[in-house]
Chemist: 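First, the structure itself, so that you have it in front of you.
Computed from a predicted model, the values in this text were never measured in an experiment. Just the heavy atoms: all of them, side chains too, but no hydrogens, waters or symmetry mates, feed the values below.
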Amino acid sequence: MALHKLGKDPESPVNNSPTLYYDDETDNYLIQGWKVLDGKRRSQLDLPDHEDVVEFPKRMMQFFPEVSGGTGPDQV
């Protein structure tokens, strides 16, 4: 498996940043973000025991190749 870092939140402090990765074997994205711990927000999700949810800022959408004009992870 080769993960490609596509982008890091440009407004986050050092070592405290949501990050977007692309997995070239699964053709999936991995999102490192803030844990959603607020029970009220979590109760609104249909979240199975084997899954979890993270939050990341809208400004990071620019790193998805589909949003950035088709630029692949190797060109970022």
Chemist: Does Tyr29 share a hydrophobic cluster with Val53, counting links as ILVMFWY side-chain heavy atoms below 4.5 Å and allowing steps through other members?
Modeler: no

Chemist: To the nearest 0.5 Å, tell me how far Leu3 CG sits from Asp24 CG.
Modeler: 8.0 Å

Chemist: For Gln62 versus Pro10, what's the shortest heavy-atom pair and its separation?
Modeler: NE2-CG, 4.2 Å

Chemist: Could you go step by step and tell me if Asp38 and Gln44 meet the side-chain contact (heavy atoms from CB on, under 4.5 Å) rule?
Modeler: CA-CA 10 Å; Asp38 177 31; Gln44 298 177 57; over 6 Å; no

Chemist: Between Met61 and Leu6, is there a shared hydrophobic cluster once you connect ILVMFWY residues whose side-chain heavy atoms come closer than 4.5 Å?
Modeler: yes

Chemist: Please say yes or no: joined through hydrophobic side-chain contacts below 4.5 Å, possibly via intermediate residues, are Trp34 and Val36 part of one cluster?
Modeler: no

Chemist: Would you compute the distance between atom CE of Met60 and atom NZ of Lys8 and round it to the nearest 0.5 angstrom?
Modeler: 10.0 Å

Chemist: Any luck finding a side-chain donor-acceptor pair between Asp27 and Tyr22 under 3.5 Å?
Modeler: yes

Chemist: So which heavy atom on Tyr21 is nearest to which on Gln32, and how close?
Modeler: OH-OE1, 3.6 Å

Chemist: Once the angle between the rings of Phe64 and Phe56 is folded into 0 to 90°, is it parallel (under 30°), tilted (30 to 60°) or perpendicular (over 60°)?
Modeler: tilted

Chemist: So, does Ser17 use its side chain to make a donor-acceptor pair with the main chain of Asp9 at under 3.5 Å?
Modeler: yes

